[in-house]
Amino acid sequence: QVQLVESGGGLVQAGGSLRLSCAASGGTFTSYAMAWFRQAPGREREFVAVVRQSNSRAYYTDSVKGRFTISRDNAKNTVSLQMNSLKLEDTANYYCAADEALYCSTWGCYADGSEYEYWGQGTQVTVSS
């Protein structure tokens, strides 16, 4: 029912910045928790950040705290990920995810990729030295 389309990926030098965007359609955007995950070749998919549907509170994995910022624009049906001070280990395909029924009482629930029903196709972020 819901379609998610990511954009904004590209090649950037270490220490630089990128801003990813995810456009949602086909549902009521304000009802969805919105998250970013990433996956590098040969590695497991890992959680990056999430913003709640109710009050826009955000949670980040430890490795990106202080460098990445997730935000949502309910008027535009978009969620963004501002990435600063990029490191080589940030290189990955970044995916947007959403779930309408995801109302978690713990942050660990939001960080579990199996909880999300809808996924975008991904956008590649490559950090070079």
Side-chain angles (χ1 to χ4, degrees):
Q1 183 180 39
V2 175
Q3 279 194 314
L4 304 174
V5 180
E6 304 96 334
S7 62
L11 176 66
V12 64
Q13 288 188 315
S17 299
L18 282 175
R19 185 177 181 87
L20 307 182
S21 294
C22 174
S25 62
T28 303
F29 182 75
T30 55
S31 298
Y32 291 85
M34 303 294 298
W36 287 95
F37 290 78
R38 65 187 181 185
Q39 186 171 28
R43 296 186 178 183
E44 297 287 335
R45 181 179 62 193
E46 65 173 336
F47 169 80
V48 177
V50 63
V51 59
R52 289 177 173 175
Q53 61 268 57
S54 58
N55 56 13
S56 295
R57 290 286 300 274
Y59 172 73
Y60 304 87
T61 190
D62 287 342
S63 64
V64 307
K65 286 181 178 178
R67 300 189 299 120
F68 291 10
T69 302
I70 188 172
S71 61
R72 66 190 300 155
D73 187 334
N74 291 334
K76 297 181 179 179
N77 291 357
T78 60
V79 62
S80 298
L81 185 69
Q82 178 66 45
M83 305 185 295
N84 298 326
S85 301
L86 284 162
K87 304 175 180 180
L88 294 178
E89 54 263 39
D90 294 320
T91 295
N93 201 2
Y94 283 71
Y95 297 89
C96 179
D99 198 291
E100 182 177 15
L102 190 57
Y103 298 98
C104 297
S105 59
T106 64
W107 291 117
C109 169
Y110 285 111
D112 184 354
S114 66
E115 298 287 346
Y116 295 86
E117 183 176 3
Y118 305 105
W119 293 83
Q121 65 180 10
T123 185
Q124 180 67 36
V125 173
T126 302
V127 183
S128 67
S129 61

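These values consider heavy atoms only, across backbone and side chains, with no hydrogens, waters or symmetry-generated copies. Small disclaimer: the values here were computed from a predicted structure and weren't measured.
The environment of Glu46 atom CD is dense: over 12 non-hydrogen atoms of other residues, nucleotides or ligands sit within 6.0 angstrom. Residue-environment remark: CD (Gln3) stays at or below the threshold of 12 foreign heavy atoms within 6.0 Å. Remark: Glu44 CD is loosely packed, at most 12 non-hydrogen atoms of other residues, nucleotides or ligands lying under 6.0 Å away.
The distance from the CG atom of Asp112 to the CZ atom of Phe37 is 7.5 Å, given to the nearest 0.5 Å. The distance from the OH atom of Tyr103 to the CD atom of Glu115 is 13.5 Å, given to the nearest 0.5 Å. To the nearest 0.5 angstrom, Thr123 atom OG1 is 14.0 Å from Arg38 atom CZ. Taken from CG in Leu11 to OG in Ser128, the straight-line distance is 4.5 Å, to the nearest 0.5 Å. The OG1 atom of Thr126 sits 9.0 Å away from atom CG of Asn93, with the distance rounded to the nearest 0.5 Å. Taking CD of Glu100 as the start and CD of Gln1 as the end, the distance is 7.0 Å to the nearest 0.5 Å.
Each of Tyr95 and Val64 belongs to its own hydrophobic cluster when Ile, Leu, Val, Met, Phe, Trp and Tyr are linked at side-chain heavy-atom distances under 4.5 angstrom.
The shortest side-chain heavy-atom distance between Ile70 and Met34 does not fall under the 4.5 Å cut-off. Between Met83 and Leu20, the closest side-chain pair of non-hydrogen atoms falls below 4.5 Å. Contact check for Asn77 versus Ser25: no side-chain heavy atoms found under the 4.5 Å cut-off.
The closest donor-acceptor contact from the side chain of Ser80 to the backbone of Ser21 lies at 3.5 Å or more, if one exists at all. A donor-acceptor pair under 3.5 Å is absent between the side-chain atoms of Tyr94 and the main chain of Gly8, judged by distance alone. When atom types are taken as modelled, the side chain of Asp90 and the backbone of Lys87 share a donor-acceptor pair closer than 3.5 angstrom. Distance alone, capped at 3.5 Å, places no donor-acceptor pair between the Gln82 side chain and the Thr69 backbone. Of the possible polar contacts, one joining the Asp99 side chain to the Glu117 backbone as a donor-acceptor pair under 3.5 Å is found.
Ring geometry for Trp119 versus Tyr116: interplanar angle over 60°, hence perpendicular rather than tilted (30 to 60°).
Paired with Trp36 under the rule side chain to side chain contact (heavy atoms under 4.5 Å, CB included), one option of Val50, Val51, Leu81 passes, and it is Leu81.
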Evaluation steps, side chain to side chain contact (heavy atoms under 4.5 Å, CB included), between Cys109 and Leu102: CA-CA 9 Å; Cys109 169; Leu102 190 57; 3.6 Å; yes
Assess whether side chain to side chain contact (heavy atoms under 4.5 Å, CB included) is satisfied between Gln124 and Thr91, documenting all intermediate values. CA-CA 8 Å; Gln124 180 67 36; Thr91 295; 4.1 Å; yes
Would Arg72 and Gln53 count as a side chain to side chain contact (heavy atoms under 4.5 Å, CB included) if you check the C-alpha gap in whole Å, the side-chain angles of each, and the deciding distance to 0.1 Å? CA-CA 9 Å; Arg72 66 190 300 155; Gln53 61 268 57; 4.0 Å; yes
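For Phe29, there are no ring pair (Phe, Tyr, Trp, His ring centres under 6.0 Å) partners two or more places apart in sequence or in a different chain.
Closest approach of Ser17 to Asn84, counting heavy atoms only: OG-OD1, 2.9 Å.
Aromatic rings from Tyr110 and Phe47 are positioned such that their centres are separated by 6.0 Å or more.
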